[in-house]
Amino acid sequence: MEAGRSPNIEILSNADLLALDGKPGNFTAKLRLRPRYIDAEKCTACGLCTRYCPRHLVDQYNEGLAVTRPIHIDYPQAVPATYFIDPKSCLHLQHGTCQICVPVCRSKAIDFSQQPEEKELKIGAVVMAPGFGRIGNDTLAKYSYGKHADVLTSLEFERLLCASGPFEGEVKCLTDHRHPKKIAFIQCVGSRDLGCDNGYCSSVCCMYAIKEALVAKEHDPEVEITIYYMDMRTQGKDFDAARTKAEAKGIRFVRARVADVMPWHKQLKLTYSLLDGTHHFEGFDMVVLSVGLDAPADARHLANIAGFELNNYDFCRTETFAPLLTTKPGVFVAGAFQGPKDIPESVTQSSAAAGIAAALIKKDRNKGYVVKSYPKERELAKDEEVRIGVFVCHCGINIGSVVDVPLVEQYTEGMEGVVYHAQSLYSCSQDAQEVIKQKIKEHNLNRIVVAACSPRTHEPLFQETLKDAGLNRCLFEMVNIRDQCSWVHANEPAAATAKSKDLVRMGIAKARHIQPLPEQTVPVINRALVLGGGIAGMTAALNLAEQGFHTTIVEKGEGLGGHLQHLSYTLRGDNVVQQLKEVSDQVEKHKRIEVMTNTELAEISGFVGNFSSRLVIKKGKSAKESTLDHGVIIIATGGREHRPEKVLGNEIKYSARIVTQSELEKRLAGKAKDRAPASTVMIQCAGSRGDDLAYCSKVCCNHAVKNALKIKELDPAAQVVVLYRDMRTYGYAEDAYREAREKGVVFIPYGMEAKPKISGSGKSLKVTFHDPILREEVTMTPELLALSVGIVPEGTEEMSKLLKIPVNQDKFYLEAHVKLRPVELPVAGVYVCGLAHSPKPVDEIVVQAQAAAAKAAIPLVKGCVTVEPTVSSVDKELCIGCGLCESLCPYQAIKVAKDESGKRKAETITASCKGCGICASHCPVFAISMGGFTDEQISAQIKAFGETSDKE
Amino acid sequence: MGQAKETKSGAVMVVGGGVAGVQAALDLTELGYYVYLVEKSAAIGGAMAQLDKTFPTNDCSL
């Protein structure tokens, strides 16, 4: 949506890449634009054409579960919001008949004369983000997919759950439209399966299966859901918590392999075998296949055109320490094409790829850039009549199916100040913005109220529309009738409608008092501070420096390298020591990077663009201080290996025979002849996932497999047993897991009801565990016990106080938005990457660091930042200088100082103010008011609440 | 919308209009570059536009 509004993004849809020639900084791309047969300039997306089009077409957007017409749009919020004609099914384009749509279209947008066009682009760099492909139907057919309509793919099930889906969000069996009472999910369909040449794990299916199961349970609390899985791989940040929640909600997880799915009376019979080798079967009404992500269908085509290589699975080939570089210089990769991954990681990669591309062509920065201009803001005359426009949104059926939207809209008729009201199906769609702009002009509106979803996600969009229409963006009020009405009162439509009316009435009452607020800009100091000199900090600093910005790395240790210094090699066989040295050398030699070791941050003040940090540099016993001014800050303070004293209820005394995986790695990388122990037991989740640490540390499974393979390489006869809960060798690491099994490493799962027991030490070391295949207790006396102990963040608690940045319950920094702003922190101008964000392997750290650098570069590129207009302001006449506000402000954004006449008065530091309102609510003399939330506005809102809504 | 100048210097081509491509495009514009976002289907959005909600927060994906 945002992309559709940017003047600097030209969307070329229906386009095929034909050729790419040239070299980094100077490429020529040739494209073919296929015709839409509809003039985008004229189409108003009214939908009349679809209604009249006589031919049916299977709706691909709805995964073939619904029908549409050859002339259509996939969904109302689509960008571009122009309908198009599918040439393969259109009667006119196929047979030269019909043309019903032509006279129907009132804006005369239909144009069958359009021809394919070729277009040549001059570009400096290319980012490949073609996404992923689909698992072939032959793989799905093993589970009766295609033979029985109630066997669905997870994407089809997603459409069933969706309000804009085929049954408007109702989950129904496709055979007879009954509501399924029992649903099974089968995991790893088309993943971890050499039968379809997809040896890798798709890394997302476990999460979306849990999500879909939870949403289905929300739709129908009675439905019984079972997830059949091999390993639940919920290794991402806070993902395990969602799995635990799913279990608490009654979703059943069964570790099993599903043999087949067959029709059985009115149901489907699912046959599966458990770990102990026993076979079982169970009937279900619906079976959902959790299909993996395949390489994109056009991967080879793209690789040939652009001249880069693919890996053995037809995804893009990349390296651990350069995860986004294709083998063709100047062509970068992001998203699922780099390897199967979820949304936050795709988004992170995209930002990172943008940053790398920006560094490559930095000499051309701003040359092609179009500055978006807004019409001059109309100044409201003093005592100008309040003219409010109210727009009530259906949000498809998200609001409309519960709240009586037409009634709410009608209700505003005749309210003081309201001169226009309307409803819209999706008020966030691009055409709805056009309508709002048009109505502002037509009715000379000077206040806009939108009753729709959450201002958290959509307020900026509507404010932008106001700016486009020449109104100050603060002349806007949003009423949330989705979260607060249709969602929470889903089962009480009448009450939800009444509450919507109340909220809308209150919103209008407030809108009568809202005033334009000025937007301020502050300049940005052209320097970045990076905290931490590990791989994350160094990578971030290098990218910023490459983009042309001066960067200071502050490292509290003696040298660069961080946690990675404890590792010797990666699962893919990279030489970590050498790679790390190369990066450190680059950092130390770079003319725009300054490295300060033995240095710690003592204090930080200021705000985005204008931070000032007090640094303490230790030298032997003495210490000296220095101050550094900088515009942005990247936190890359890292983490370290956890060292739990208790593992799964066993007291641990670390020794030469009881070690952590890192210690084992060091031993294996050494020179000692007997460095590969003859027998090793590894215990996974030693201290993680609810044992000592609540979370999954993401890297330990890979670490264990890596060390197990190293032992086998050194001594093929060595015995290695890995006791695990779920092997989370996601992505391509699955290949290594398979290799380890093939080489004779034994993997045995344990449950929390039968934890492994550790006793003795030295030569009497014993490990006892339950073997599910033998169905009995087994005791081993290994030469070595290696504990996969997990990762903890370093010093985040102290830093979070210093920087006023929240950490989550596990003491990792809490990002601004998990999905869409994964490297930004809630405080503007502060970014995070690496282990300080969450545990992750080195390739993901590199990407995240590059992403943080790209985001941090944005204010530096612009040279100024725009401050949110909703800030506090002090009425100096009323202020008594008591200082209460200053003591309470969590952002150090209000200060008391003496004015010209020597009186103590408070003053807001606008750029630091977050608009939280604490100062205003505590001021004893009501001298502080909040922009957009003045006492007058809030009183009006409260007063309106008291007025009854039953005027009808 | 900006006028397409075929010989624009300081431009980047992003192939694919899914969430990854769109994010890359947005960040590139913020960093001062003009972006051609090339998508083979009729609209951008990719697979994410088909999702109802997203894990684990159940936010709307559009």
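Per chain, numbering begins at 1; letters A, B, ... match sequence-line order.
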A.B. asks: Please look at A:Arg365 and chain B and tell me whether the side chain, the backbone, both or neither of the residue comes under 4.5 angstrom of a heavy atom of that chain.
C.D. replies: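 For A:Arg365, backbone and side chain are both near chain B.
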
A.B. asks: To check you understand the geometry: which heavy-atom pair defines the closest contact between B:Leu28 and A:Ala354, and what is its length?
C.D. replies: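 It is CD2-O, 3.5 Å.
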
A.B. asks: Has the side chain of A:Ser350 got a donor or acceptor atom that lies under 3.5 Å from a matching backbone atom of B:Gln23?
C.D. replies: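 The answer is no, because no donor-acceptor pair under 3.5 Å joins these two groups.
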
A.B. asks: Below 4.5 Å from any heavy atom of chain B, which atoms of A:Val861 appear? Answer side chain, backbone, both or neither.
C.D. replies: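 The answer is the side chain of A:Val861.
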
A.B. asks: Side chain, backbone, both or neither: which part of A:Ala857 has a non-hydrogen atom closer than 4.5 Å to chain B?
C.D. replies: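 Interface part for A:Ala857: both.
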
A.B. asks: Mind ranking A:Asn366, A:Leu12, A:Thr28 by heavy-atom pairs under 4.5 Å with chain B and telling me who comes out on top?
C.D. replies: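 Most heavy-atom pairs within the cutoff with chain B belong to A:Leu12.
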
A.B. asks: For the pair B:Tyr33 (side chain) and A:Ala358 (backbone), establish whether a donor and an acceptor sit closer than 3.5 Å, ignoring hydrogens and angles.
C.D. replies: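 It does hold such a pair.
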
A.B. asks: Take A:Asn8 and B:Val35 through the test side-chain contact (heavy atoms from CB on, under 4.5 Å) and record every step on the way to the result.
C.D. replies: CA-CA 6 Å; A:Asn8 282 297; B:Val35 178; over 6 Å; no

A.B. asks: Tell me, for A:Ile858 versus chain B, whether the close heavy atoms (under 4.5 Å) come from the side chain, the backbone, both or neither.
C.D. replies: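 Answer is both: backbone and side chain atoms of A:Ile858 are under 4.5 Å from chain B.
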
A.B. asks: Search all heavy atoms of B:Tyr36 against all heavy atoms of A:Ile123 and return the closest pair with its distance.
C.D. replies: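 Closest approach of B:Tyr36 to A:Ile123, heavy atoms only: CD1-CG2, 3.8 Å.
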
A.B. asks: Atom OH of A:Tyr369 and atom CG of B:Leu31: how far apart are they, to the nearest 0.5 Å?
C.D. replies: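 It comes to 9.5 Å.
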
A.B. asks: So which of A:Pro859, A:Ser351, A:Gly131, A:Ser454 has the biggest tally of heavy-atom pairs under 4.5 Å with chain B?
C.D. replies: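 Winner by heavy-atom pair count: A:Ser351.
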
A.B. asks: Pick from A:Leu360, A:Val347, A:Asp16: which one has the most heavy-atom pairs with chain B under 4.5 Å?
C.D. replies: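 When all of A:Leu360, A:Val347, A:Asp16 are compared, A:Val347 has the most.
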
A.B. asks: State whether the side chain of A:Arg34 and the backbone N or O of B:Ser41 hold a donor-acceptor pair below 3.5 Å, judged by distance alone.
C.D. replies: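 Pair absent, no side-chain N/O of A:Arg34 close to backbone of B:Ser41.
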
A.B. asks: Checking heavy atoms, do the side chain of A:Tyr83, its backbone, both or neither come under 4.5 Å from chain B?
C.D. replies: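 Neither the backbone nor the side chain of A:Tyr83 comes within 4.5 Å of chain B.
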
A.B. asks: Among A:Gly335, A:Ala15, A:Ser346, single out the residue with the greatest number of heavy-atom pairs under 4.5 Å to chain B.
C.D. replies: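 Winner by heavy-atom pair count: A:Ala15.
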
A.B. asks: Checking heavy atoms, do the side chain of A:Lys862, its backbone, both or neither come under 4.5 Å from chain B?
C.D. replies: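 Only the side chain of A:Lys862 comes within 4.5 Å of chain B.
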
A.B. asks: Would you check if B:Val15 and A:Val126 make a side-chain contact, meaning some heavy-atom pair closer than 4.5 Å?
C.D. replies: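 They are in side-chain contact.
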
A.B. asks: Please state whether the side chain, the backbone, both or neither of A:Leu20 comes within less than 4.5 Å of a heavy atom of chain B.
C.D. replies: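 Only the side chain of A:Leu20 comes within 4.5 Å of chain B.
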
A.B. asks: Check whether any side-chain heavy atom of A:Lys367 sits under 4.5 Å from a side-chain heavy atom of B:Tyr34, and report yes or no.
C.D. replies: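 A:Lys367 vs B:Tyr34: side chains apart.
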
A.B. asks: Grab the two heavy atoms, one from A:Ser13 and one from B:Ala43, that are nearest each other, plus how far apart they are.
C.D. replies: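 Answer, listing the atom of A:Ser13 first, then B:Ala43: CB-N, 4.4 Å.
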
A.B. asks: Is it the side chain or the backbone of A:Gln547 that comes within 4.5 Å of chain B heavy atoms, both, or neither?
C.D. replies: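 Just the side chain, heavy atoms under 4.5 Å.
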
A.B. asks: Applying side-chain contact (heavy atoms from CB on, under 4.5 Å) to B:Ile44 and A:Ile11, what does each step give before you reach the verdict?
C.D. replies: CA-CA 8 Å; B:Ile44 60 171; A:Ile11 298 173; 3.8 Å; yes

A.B. asks: Could you look at A:Gln338 and say if it's the side chain, the backbone, both or neither that has a heavy atom under 4.5 Å from chain B?
C.D. replies: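 For A:Gln338, there is no contact with chain B at all, as no heavy atom is under 4.5 Å.
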
A.B. asks: For a 4.5 angstrom cut-off between non-hydrogen side-chain atoms, does A:Met128 reach B:Val14?
C.D. replies: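 No; the side chains remain at least 4.5 Å from each other.
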
A.B. asks: Is B:Glu30 salt-bridged to A:Lys855, cutoff N-O under 4.0 Å?
C.D. replies: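 No.
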
A.B. asks: Using non-hydrogen atoms only, which part of A:Asp298 is less than 4.5 Å away from chain B: side chain, backbone, both, or neither?
C.D. replies: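 Contact with chain B: side chain only.
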
A.B. asks: Below 4.5 Å from any heavy atom of chain B, which atoms of A:Leu860 appear? Answer side chain, backbone, both or neither.
C.D. replies: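 Contact with chain B is absent: no heavy atom of A:Leu860 under 4.5 Å.
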
A.B. asks: Apply side-chain contact (heavy atoms from CB on, under 4.5 Å) to A:Ile9 and B:Leu26, showing your working.
C.D. replies: CA-CA 8 Å; A:Ile9 300 178; B:Leu26 288 171; 3.9 Å; yes

A.B. asks: Of the listed residues (A:Asp86, A:Asp364, A:Asn14), which shares the most heavy-atom pairs with chain B below a 4.5 Å separation?
C.D. replies: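 Highest number of pairs under 4.5 Å: A:Asn14.
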
